[in-house]
Amino acid sequence: QVQLVESGGGSVEVGGSLRLSCAASKLSRWMGWFRQAPGKEREEDVAVISTRIGSTYYADSVNGRFTISQDNDKNTVYLQMNNLKPEDTAMYYCAGSAGVLRPLARADYNVWGQGTQVTVSS
């Protein structure tokens, strides 16, 4: 059973940066970052990476500010978040998908971490 452990969350001011880490017992074919703001449903993935070829995909809301990357030696995926905004405040979850095709929905992911909280204050 693959296990995912997120870390790196915290509280920052508007415009600040954080780097989230997702340590995996084994990287899935696809790894994604999701978030869930207080009182809202979990968003579809905000960033996805193909761990086989390194292709990355971003939601419009974070494109240009967030960067997803991987370290295969450490079985870890990162989410570098720059120029943070109050609307980025959420619990951030790492997830893995074993599918061959790029996952397009939460249901396409078969393993999840417990989440790490990010709070952006103005």
Side-chain angles (χ1 to χ4, degrees):
Q1 179 74 14
V2 175
Q3 293 184 326
L4 304 178
V5 179
E6 301 96 332
S7 62
S11 297
V12 295
E13 295 184 348
V14 169
S17 297
L18 282 173
R19 189 178 79 157
L20 306 183
S21 299
C22 173
S25 53
K26 179 183 178 181
L27 289 180
S28 298
R29 187 182 295 267
W30 297 89
M31 298 293 294
W33 285 96
F34 292 74
R35 65 186 181 184
Q36 185 169 13
K40 296 186 178 181
E41 291 189 0
R42 193 170 300 184
E43 290 184 43
E44 298 304 329
D45 49 62
V46 295
V48 183
I49 187 167
S50 164
T51 61
R52 298 298 188 267
I53 61 175
S55 301
T56 57
Y57 304 88
Y58 299 94
D60 290 343
S61 58
V62 306
N63 197 22
R65 299 188 298 122
F66 290 12
T67 302
I68 188 171
S69 61
Q70 65 188 79
D71 185 329
N72 291 335
D73 291 337
K74 297 181 178 179
N75 282 340
T76 299
V77 172
Y78 303 98
L79 186 67
Q80 177 67 44
M81 306 186 296
N82 298 328
N83 190 23
L84 283 162
K85 305 176 180 181
E87 52 264 41
D88 295 319
T89 294
M91 183 72 79
Y92 283 73
Y93 298 89
C94 175
S97 172
V100 174
L101 300 179
R102 174 193 165 192
L104 299 178
R106 293 192 299 269
D108 296 331
Y109 290 82
N110 56 295
V111 60
W112 292 83
Q114 294 301 307
T116 185
Q117 178 67 39
V118 171
T119 302
V120 184
S121 58
S122 56

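If you're wondering where the values come from, they're calculated on a predicted model, not measured in any experiment. For this chain, numbers begin at 1 and follow the sequence in order.
- Atom CG of L84 sits about 10.5 Å away from atom OG of S121, to the nearest 0.5 Å.
- For D108 (side chain) and S97 (main-chain N/O), no donor-acceptor pair under 3.5 Å exists by modelled atom type.
- Other residues, nucleotides and ligands place no more than 12 heavy atoms under 6.0 Å from the CD atom of Q114.
- For the pair Q80 and S17, the minimum side-chain heavy-atom distance is below 4.5 Å.
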Report the C-alpha separation of D88 and R65 in whole Å, then their side-chain angles, then the decisive distance to 0.1 Å, and conclude whether the side-chain contact (heavy atoms from CB on, under 4.5 Å) test is met.
CA-CA 11 Å; D88 295 319; R65 299 188 298 122; 2.7 Å; yes
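- Taking SG of C22 as the start and CD of Q70 as the end, the distance is 11.5 Å to the nearest 0.5 Å.
- For the pair Q117/T89, a side-chain contact is recorded, criterion being any heavy-atom separation below 4.5 Å from C-beta on.
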L20 and M81: CA distance, side-chain angles, deciding distance, side-chain contact (heavy atoms from CB on, under 4.5 Å) verdict
CA-CA 8 Å; L20 306 183; M81 306 186 296; 3.8 Å; yes
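- Applying the 6.0 Å contact sphere to CD of E41 captures no more than 12 heavy atoms from other residues, nucleotides or ligands.
- Within the model, atoms CG of L101 and CZ of R29 stand 9.5 Å from one another, a figure rounded to the nearest 0.5 Å.
- Not one N or O on the side chain of T76 forms a donor-acceptor pair closer than 3.5 Å with the backbone of D71.
- For the residue pair E6 and G115, the shortest heavy atom distance occurs at OE1-N, 2.9 Å.
- Side-chain contact between R106 and R42: present, with at least one pair of heavy atoms (C-beta onward) separated by less than 4.5 Å.
- Of all heavy-atom pairs between A47 and L79, the closest is CB-CD1, 3.8 Å.
- If you chain together hydrophobic residues whose side chains sit under 4.5 Å apart, I49 and L104 never meet in one group.
- Atom CG of N72 has more than 12 heavy atoms from other residues, nucleotides or ligands within 6.0 Å.
- Sorted by first and then second residue, the ring-ring contact (aromatic ring centres under 6.0 Å, His included) pairs involving residues 4-34 (not counting sequence neighbours) are F34-Y109, F34-W112.
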Any chance you could lay out the side-chain contact (heavy atoms from CB on, under 4.5 Å) test for M91 and R35, step after step, and finish with the verdict?
CA-CA 5 Å; M91 183 72 79; R35 65 186 181 184; over 6 Å; no
Verdict with reasoning, V111 to Q3, per side-chain contact (heavy atoms from CB on, under 4.5 Å)
CA-CA 7 Å; V111 60; Q3 293 184 326; over 6 Å; no
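- M31 contributes atom CE, which lies 12.0 Å from atom CG of D45 (distance to the nearest 0.5 angstrom).
- Each of V48 and L4 belongs to its own hydrophobic cluster when Ile, Leu, Val, Met, Phe, Trp and Tyr are linked at side-chain heavy-atom distances under 4.5 angstrom.
- Annotation: ring-ring contact (aromatic ring centres under 6.0 Å, His included) contacts involving residues 50-98, sequence neighbours excluded, are absent.
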